[in-house]
J.: 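Can you read through this structure? Questions will come right after.
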Amino acid sequence: MREVDRRGKYSRRTFLQGATTAVPVVAVAASAGVGISDAWAADATALSPATLKTLVKVARDIYPHDFLVDSYYITAIKPWDAKAAKDPATKALLEDGVRRLDQDAQDRHKAKYAEVPWEADRVVLLQGIEPTDFFKKIRSDLVVSLYNQEELWPKFGYEGSSAEHGGYINRGFNDIDWLPKV
């Protein structure tokens, strides 16, 4: 018969040593105002972290997919920071557009756009800026930068290009199982 050692692998001393190491790290991160989930915005070069966070919320509101995590939206908007660094007009367009959104949100909801809790309220704010160049740029760039991420394709049921595999005719063109056969 095998004997099982029921004692824990960690002692109280090991736990306390780990806890005393973790507490200062969390305190420093909290005092710096950088949450773990917002750390990606801290390495921005041209746009402010607040602008990038707002752009992620805008991207999620324009193209809402509950099954996508924010990292896909972050990947889609990150190139705008590099574009803003190269082109002052792009930087001004993005910063001014976010500033206007924040002002509209402040007037209606007494909070910045990213802090408005209900999606429906944020969509109303977006509808107010639909005719602007800012909204048109965001919407048109997101179509490419969001949906052109290969990691996303399986989530939408897209198998990718079929040209290198002989085209769709030989690769499931007629695999429709949801229509009645006539």
Side-chain angles (χ1 to χ4, degrees), residues 29-164 167-168 172 178:
S31 67
V34 178
I36 292 172
S37 62
D38 298 333
W40 62 270
D43 64 349
T45 56
L47 300 172
S48 70
T51 298
L52 289 172
K53 291 179 210 172
T54 302
L55 288 172
V56 168
K57 189 67 90 169
V58 168
R60 186 170 270 295
D61 290 339
I62 292 176
Y63 296 105
H65 299 289
D66 293 336
F67 57 90
L68 295 183
V69 295
D70 281 346
S71 63
Y72 296 113
Y73 292 98
I74 291 168
T75 302
I77 64 111
K78 273 289 232 186
W80 292 339
D81 186 47
K83 289 178 187 176
K86 291 178 186 170
D87 184 18
T90 301
K91 179 178 179 176
L93 179 72
L94 294 173
E95 293 277 357
D96 292 344
V98 168
R99 195 173 304 114
R100 178 176 173 189
L101 260 181
D102 282 342
Q103 185 59 47
D104 291 351
Q106 196 71 34
D107 293 345
R108 286 182 175 224
H109 304 288
K110 308 292 185 248
K112 291 184 177 183
Y113 178 85
E115 297 166 0
V116 174
W118 298 104
E119 181 182 355
D121 294 336
R122 292 191 308 268
V123 168
V124 169
L125 292 169
L126 287 174
Q127 288 171 340
I129 65 161
E130 271 182 326
T132 65
D133 290 337
F134 167 73
F135 184 84
K136 291 174 185 175
K137 174 160 184 57
I138 297 294
R139 186 186 61 207
S140 63
D141 282 5
L142 276 174
V143 166
V144 176
S145 62
L146 181 63
Y147 296 115
N148 203 25
Q149 298 177 46
E150 287 188 36
E151 312 87 55
L152 280 181
W153 294 350
K155 294 181 184 295
F156 291 109
Y158 179 60
E159 297 175 357
S161 173
S162 71
E164 56 273 357
Y168 287 109
W178 50 271

J.: What are the two closest non-hydrogen atoms of Leu93 and Phe134, and how far apart are they?
T.: O-CD1, 3.5 Å

J.: Distance check, rounded to the nearest 0.5 Å: Lys136 atom NZ versus Asp141 atom CG?
T.: 14.0 Å

J.: Where do Leu94 and Thr51 come nearest, in terms of heavy atoms and distance?
T.: O-CG2, 4.5 Å

J.: Using distance alone, with no hydrogens and no angle criterion, decide if Gln103 and Asp107 have a side-chain donor and acceptor under 3.5 Å apart.
T.: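 The criterion, which ignores hydrogens and geometry beyond distance, is satisfied for Asp107 and Gln103.
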
J.: With rounding to the nearest 0.5 Å, note down the distance linking CD1 in Ile74 to CG in Leu52.
T.: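 Answer for the CD1-CG pair, Ile74 versus Leu52, is 9.5 Å.
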
J.: I'd like to check Leu126 versus Leu101 (side-chain heavy atoms, cut-off strictly below 4.5 Å). Are they in contact?
T.: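 In contact.
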
J.: Looking only at atom types and distance, does a side-chain atom of Asp102 sit under 3.5 Å from a main-chain N or O of Lys112, one as donor and one as acceptor?
T.: no

J.: Within the 4.5 Å heavy-atom criterion, are Val58 and Tyr63 side-chain neighbours or not?
T.: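 Counting from C-beta outward, Val58 and Tyr63 never come under 4.5 Å.
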
J.: For the residue pair Arg60 and Asp70, establish whether any side-chain heavy-atom pair is separated by less than 4.5 Å.
T.: yes

J.: Output the distance between atom CH2 (Trp80) and atom CG (Leu142), rounded to the nearest 0.5 Å.
T.: 4.0 Å

J.: May I ask you to test the Tyr113-Arg100 pair for a side-chain heavy-atom distance under 4.5 Å?
T.: no

J.: Using only atom types and a distance under 3.5 Å, with no angle test, would you say the side chain of Lys83 pairs donor to acceptor with the backbone of Thr90?
T.: no

J.: Could you tell me which residues satisfy salt bridge (charged side-chain N to carboxylate O under 4.0 Å, His left out) with Asp87, sequence neighbours excluded, listed by chain and number?
T.: none

J.: Measure the spacing between NZ of Lys53 and CG of Leu47 and express it to the nearest 0.5 Å.
T.: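 If I round to the nearest 0.5 Å, the distance is 13.0 Å.
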
J.: Give the C-alpha distance, both sets of side-chain angles, the deciding distance and a yes or no for ring pair (Phe, Tyr, Trp, His ring centres under 6.0 Å) between Tyr158 and Tyr147.
T.: CA-CA 10 Å; Tyr158 179 60; Tyr147 296 115; over 10 Å; no

J.: Do you know which two heavy atoms are closest between Ala85 and Ala46, and how far apart they sit?
T.: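 Reported closest heavy-atom pair: N-CB, 3.4 Å.
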
J.: Considering only heavy atoms from C-beta outward, does the side chain of Tyr72 approach that of His65 to under 4.5 Å?
T.: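 Counting from C-beta outward, Tyr72 and His65 never come under 4.5 Å.
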
J.: If you measure from CD on Glu115 to OG1 on Thr54, what distance do you get to the nearest 0.5 Å?
T.: 8.5 Å

J.: Looking at every heavy atom in both Lys86 and Pro88, which two are closest together, and how far apart are they?
T.: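 The pair with the smallest heavy-atom distance is O-CD, 3.8 Å.
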
J.: I'd like to know whether NZ of Lys78 has more than 12 heavy-atom contacts from other residues, nucleotides or ligands below 6.0 angstrom.
T.: yes

J.: Report yes if some heavy atom in the side chain of Leu68 is under 4.5 Å from a heavy atom in the side chain of Phe156; otherwise report no.
T.: yes

J.: Side-chain contact test, heavy atoms from C-beta onward, threshold under 4.5 Å: evaluate it for Val116 versus Arg108 and give yes or no.
T.: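 They are not in contact (no side-chain heavy atoms under 4.5 Å apart), so the answer is no.
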
J.: Would you say Lys57 and Asp61 make side-chain contact, with heavy atoms under 4.5 Å?
T.: yes

